[in-house]
K.L.:
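Encoded as structure tokens, here's the structure I'll be asking about.
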Amino acid sequence: MPDTRSGPGRLLIAVYGLFAVAASARSGVQIATRFAEAPVAYLLSAFAAVVYVVATVTLAVGSRASRRVAWVSCAVELVGVVVVGAVSYLAPAWFPQATVWSHFGSGYLFIPLVLPVLGLLWLRRTAVPAA
């Protein structure tokens with residue numbers, strides 16, 4: 001079985017890393033310069049950035065413990081994208097400014113919706129069989 005850092009895992013880690021940097025920079029600027037405009041949206045973007053950083057690091061490490069954390073971070077990301085995506089359509093007033101996860105990540109070509117699914121599938125594919 002391949003580990004999380006081999007083959008397609010390298011691309012997965014690179015995309016997570018790219019999203020970690022982009023979401024961190026975007027939310028940092030938004031919080032620093034326009035926080036009063038949409039505090040919930042900007043804090044959600046910062047939370048998404050933290051999730052992306054955790055997923056990037058834990059997928060890159062690939063140890064047994066980091067794989068567990070990667071499972072949790074990908075699952076939290078998936079739930080976040082689905083919940084925030086749905087709420088951003090059902091109650092748009094709650095999100096006067098978009099987050100990374102708004103509208104299921106439509107502003108990012110729906111990659112935020114697909115990425116955790118791919119992460120969870122990759123973790124499953126590279127799982128160490130039980131003894």
Side-chain angles (χ1 to χ4, degrees):
M1 294 254 171
D3 72 20
T4 56
R5 300 163 292 190
S6 65
R10 290 180 181 186
L11 179 59
L12 185 66
I13 292 165
V15 174
Y16 262 112
L18 179 65
F19 268 76
V21 170
S24 297
R26 177 182 177 183
S27 65
V29 168
Q30 290 170 329
I31 289 169
T33 61
R34 303 186 322 243
F35 184 72
E37 288 178 21
V40 172
Y42 297 154
L43 289 174
L44 277 171
S45 286
F47 177 73
V50 170
V51 171
Y52 290 134
V53 168
V54 170
T56 302
V57 171
T58 55
L59 286 167
V61 170
S63 69
R64 184 176 295 250
S66 71
R67 289 175 59 83
R68 287 187 195 121
V69 176
W71 272 100
V72 171
S73 66
C74 289
V76 165
E77 177 188 0
L78 183 57
V79 169
V81 171
V82 170
V83 169
V84 171
V87 171
S88 65
Y89 280 112
L90 298 171
W94 290 9
F95 296 99
Q97 297 292 326
T99 74
V100 176
W101 294 341
S102 293
H103 303 111
F104 305 106
S106 65
Y108 293 88
L109 304 173
F110 297 100
I111 294 170
L113 181 61
V114 175
L115 198 57
V117 173
L118 294 176
L120 291 168
L121 289 172
W122 185 245
L123 286 164
R124 182 176 175 206
R125 179 157 174 4
T126 60
V128 177

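Side chains are part of it too, since the values below use all heavy atoms of this structure and drop only hydrogens, waters and symmetry mates. No experiment lies behind these values; they were computed from the predicted model shown.
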K.L.:
Have a look at Leu59 and tell me which of Leu123, Val69, Val54 forms a side chain to side chain contact (heavy atoms under 4.5 Å, CB included) with it.
P.N.:
Leu123

K.L.:
Run the side-chain donor-acceptor check on residues 7-27: report pairs under 3.5 Å with partners two or more places apart or on a different chain.
P.N.:
from, atom 1, to, atom 2, distance (Å)
Arg10, NE, Arg5, O, 3.2
Tyr16, OH, Glu77, OE1, 2.6
Ser24, OG, Ala20, O, 2.6
Arg26, NH1, Tyr108, OH, 2.5
Arg26, NH2, Ala98, O, 3.2
Ser27, OG, Ala23, O, 2.9
Ser27, OG, Ser24, O, 3.3

K.L.:
Report yes if the side chains of Val81 and Leu113 come closer than 4.5 Å at any heavy-atom pair, otherwise no.
P.N.:
yes

K.L.:
Partners of Arg68 by salt bridge (Lys or Arg N to Asp or Glu O under 4.0 Å), sequence neighbours excluded?
P.N.:
none

K.L.:
Hydrophobic cluster membership, with links at side-chain heavy-atom distances under 4.5 Å among I/L/V/M/F/W/Y: are Tyr52 and Val29 in one?
P.N.:
no

K.L.:
Shortest non-hydrogen contact from Ala93 to Pro96?
P.N.:
O-CD, 3.7 Å

K.L.:
Out of curiosity, Leu120 CG to Arg125 CZ, how far, rounded to the nearest 0.5 Å?
P.N.:
15.5 Å

K.L.:
Any salt bridge (Lys or Arg N to Asp or Glu O under 4.0 Å) involving residues 106-117? Give me the pairs, sequence neighbours left out, ordered by first then second residue.
P.N.:
none

K.L.:
If you group Ile, Leu, Val, Met, Phe, Trp and Tyr by side-chain heavy-atom gaps below 4.5 Å, do Val51 and Leu78 land in one group?
P.N.:
yes

K.L.:
Taking the side chain as everything from C-beta on, heavy atoms only, tell me whether Phe47 gets closer than 4.5 Å to Thr99.
P.N.:
no

K.L.:
For a quick test of reading the model, state the closest non-hydrogen atom pair linking Asp3 to Ser6 and the distance between them.
P.N.:
O-OG, 2.9 Å

K.L.:
Please round to the nearest 0.5 Å and tell me the distance separating atom CZ of Phe95 and atom CH2 of Trp101.
P.N.:
10.5 Å

K.L.:
For residues 35-48, which residue pairs qualify under salt bridge (Lys or Arg N to Asp or Glu O under 4.0 Å), counting only residues two or more places apart or in two chains?
P.N.:
Arg34-Glu37

K.L.:
Quick one: are Phe110 and Leu115 in side-chain contact, heavy atoms under 4.5 Å?
P.N.:
no

K.L.:
Please determine whether residues Val50 and Val53 belong to a single hydrophobic cluster, defined as Ile, Leu, Val, Met, Phe, Trp and Tyr linked transitively by side-chain heavy-atom distances below 4.5 Å.
P.N.:
no

K.L.:
With sequence neighbours left out, write down each residue that passes ring pair (Phe, Tyr, Trp, His ring centres under 6.0 Å) with Tyr89, or none if nothing qualifies.
P.N.:
His103, Phe104

K.L.:
In this structure, would Val72 and Leu121 fall into the same cluster of hydrophobic residues linked by side-chain contacts under 4.5 Å?
P.N.:
yes

K.L.:
Any salt bridge (Lys or Arg N to Asp or Glu O under 4.0 Å) pairs touching residues 98-114, not counting sequence neighbours?
P.N.:
none

K.L.:
Check for me, please, whether Trp94 and Leu90 land in the same ILVMFWY cluster - side-chain distances under 4.5 Å, paths through other members count.
P.N.:
no

K.L.:
Within this structure, what is the OG-CH2 distance for the pair Ser66 and Trp71, rounded to the nearest 0.5 Å?
P.N.:
13.0 Å

K.L.:
Do any N or O atoms from the side chain of Trp122 and from the backbone of Thr4 form a donor-acceptor pair under 3.5 angstrom?
P.N.:
yes

K.L.:
Considering all heavy atoms of both residues, which atom of Ala41 and which atom of Gln97 are nearest to each other, and what is their separation?
P.N.:
CB-O, 3.2 Å

